[in-house]
2 protein chains.
Amino acid sequence: MEDCIFCKIIDGKIPSAKVYEDDNVVSFLDIMPANKGHCLVVPKKHYETLLDIPDGDLANLIKATKKITKALSLSIGNGSFNIIMNNGKIAGQLVSHAHIHIIPRFKGDRLRLTWSHKKYIDQEMKSVQEKIKKFV
Amino acid sequence: MEDCIFCKIIDGKIPSAKVYEDDNVVSFLDIMPANKGHCLVVPKKHYETLLDIPDGDLANLIKATKKITKALSLSIGNGSFNIIMNNGKIAGQLVSHAHIHIIPRFKGDRLRLTWSHKKYIDQEMKSVQEKIKKFV
């Protein structure tokens, strides 16, 4: 896609610190890392969100994510990682080309990735469950 | 696994608000939701983290995640989602049975899921890149 920064990286028009590439997927270091070693895993085809990625490409994307997480684990030497995919602007997706973040975690890194909790009242949980089940 | 709360949910020994189930995967509402409709997607076999899940089961897990995200989108009516998988205690994994969070996002939900940024100094980015590439 013409104005997509990730498409430009994939096409080699913008430089990046690539760590992995195959026919379907590319991975490079995030230039604004949450922790050092923070990688992005990106399908080469321009899909906007998770919902747009066909199952085959999605399987390739998650397999590559596992492979790179493993490499991060062996190279940076820790076993804790957050895998995050923000879909849609309200969810914090900054580039409209689907991508997965792999964030290596270190003891005492002071990164906060928790969330506050909401409560279901009375039968609300059941009602939300039934609503979703109708469409799955 | 005997003491695993998710294995007990899968075996029906602990109740849950299930929204989806197939041969490999189960999904139910998180009882401490970041937002209403927050689902967990769990492989039926007990794997601890992403790195332990064989590629076939991983493909099934992510396909189910997409399916449930789609159903959430249709039922709860919004197009923004965070997909999060915490791997390892330091990354905030509370239950040692691999699982994916799907968190529907709503305008003004005041959920903060951002992170602060670190900086690579001089040749550090290149050196991290080379380290990872050796193992990928």
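Note on naming: letters A, B, ... go to the chains in the order of the sequence lines (proteins, then strands), and numbering restarts at 1 for each one.
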What about [X] and [Y], same hydrophobic cluster or not, with Ile/Leu/Val/Met/Phe/Trp/Tyr joined at side-chain heavy-atom distances under 4.5 Å?
X: B:Val42; Y: B:Tyr20; answer: no
X: B:Ile100; Y: A:Ile68; answer: yes
X: A:Phe106; Y: B:Ile90; answer: no
X: A:Tyr47; Y: B:Ile102; answer: yes
X: B:Ile14; Y: B:Ile10; answer: yes

Region of [X] in contact with chain A, defined by heavy-atom distances below 4.5 Å:
X: B:Ile53; result: backbone
X: B:Leu51; result: both
X: B:Leu111; result: side chain
X: B:Asn60; result: neither
X: B:Phe28; result: neither
X: B:Glu124; result: side chain
X: B:Lys126; result: neither
X: B:His38; result: both

[atom2] on [Y] to [atom1] on [X], rounded to 0.5 Å:
X: A:Leu74; Y: B:Lys134; atom1: CG; atom2: NZ; answer: 12.5 Å
X: B:Ser27; Y: A:Gln129; atom1: OG; atom2: CD; answer: 10.0 Å
X: A:Phe81; Y: B:Thr49; atom1: CZ; atom2: OG1; answer: 8.5 Å
X: A:Tyr120; Y: B:Lys36; atom1: OH; atom2: NZ; answer: 8.0 Å
X: A:Lys118; Y: B:Arg110; atom1: NZ; atom2: CZ; answer: 8.0 Å
X: B:Met125; Y: A:Ser16; atom1: CE; atom2: OG; answer: 8.0 Å

Tell me, out of B:Arg105, B:Lys131, B:Lys63, who's got the most heavy-atom pairs with chain A below 4.5 Å.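 Top option by heavy-atom pairs under 4.5 Å: B:Arg105.
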Just checking [X]: does its [atom1] atom have more than 12 heavy atoms from other residues, nucleotides or ligands closer to it than 6.0 angstrom?
X: A:Lys67; atom1: NZ; answer: no
X: A:Lys70; atom1: NZ; answer: no
X: A:Lys18; atom1: NZ; answer: yes
X: B:Asp11; atom1: CG; answer: yes

side-chain contact (heavy atoms from CB on, under 4.5 Å) evaluation trace for B:Val128 with A:Ile76: CA-CA 8 Å; B:Val128 169; A:Ile76 300 196; 4.2 Å; yes
Sole candidate of B:Ile62, B:Ile83, B:Thr69 that passes side chain to side chain contact (heavy atoms under 4.5 Å, CB included) when paired with A:Met85: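 Exactly one pass, corresponding to B:Ile83.
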For [X] and [Y], which heavy atoms make the closest approach, and how far apart are they?
X: B:Leu50; Y: A:Lys66; value: O-CD, 3.7 Å
X: A:Phe135; Y: B:Ser75; value: CD1-CB, 3.5 Å
X: A:Met32; Y: B:His117; value: O-CD2, 2.8 Å

Do A:Asn87 and B:Asn82 come close enough that some side-chain heavy atom pair is under 4.5 Å?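 No, side chains not in contact.
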Heavy-atom side-chain proximity of B:Ile132 to A:Leu29 below 4.5 angstrom: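 They are in contact (side-chain heavy atoms under 4.5 Å apart), so the answer is yes.
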Largest heavy-atom contact set with chain B, pairs under 4.5 Å, which of A:Gly88, A:Gly92, A:Gly56: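 Sorted descending by pairs with chain B, the first entry is A:Gly88.
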Closest-packed option against chain B by number of heavy-atom pairs under 4.5 Å, given A:Gln93, A:Lys89, A:Lys107: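 Max contact count across the listed options: A:Lys107.
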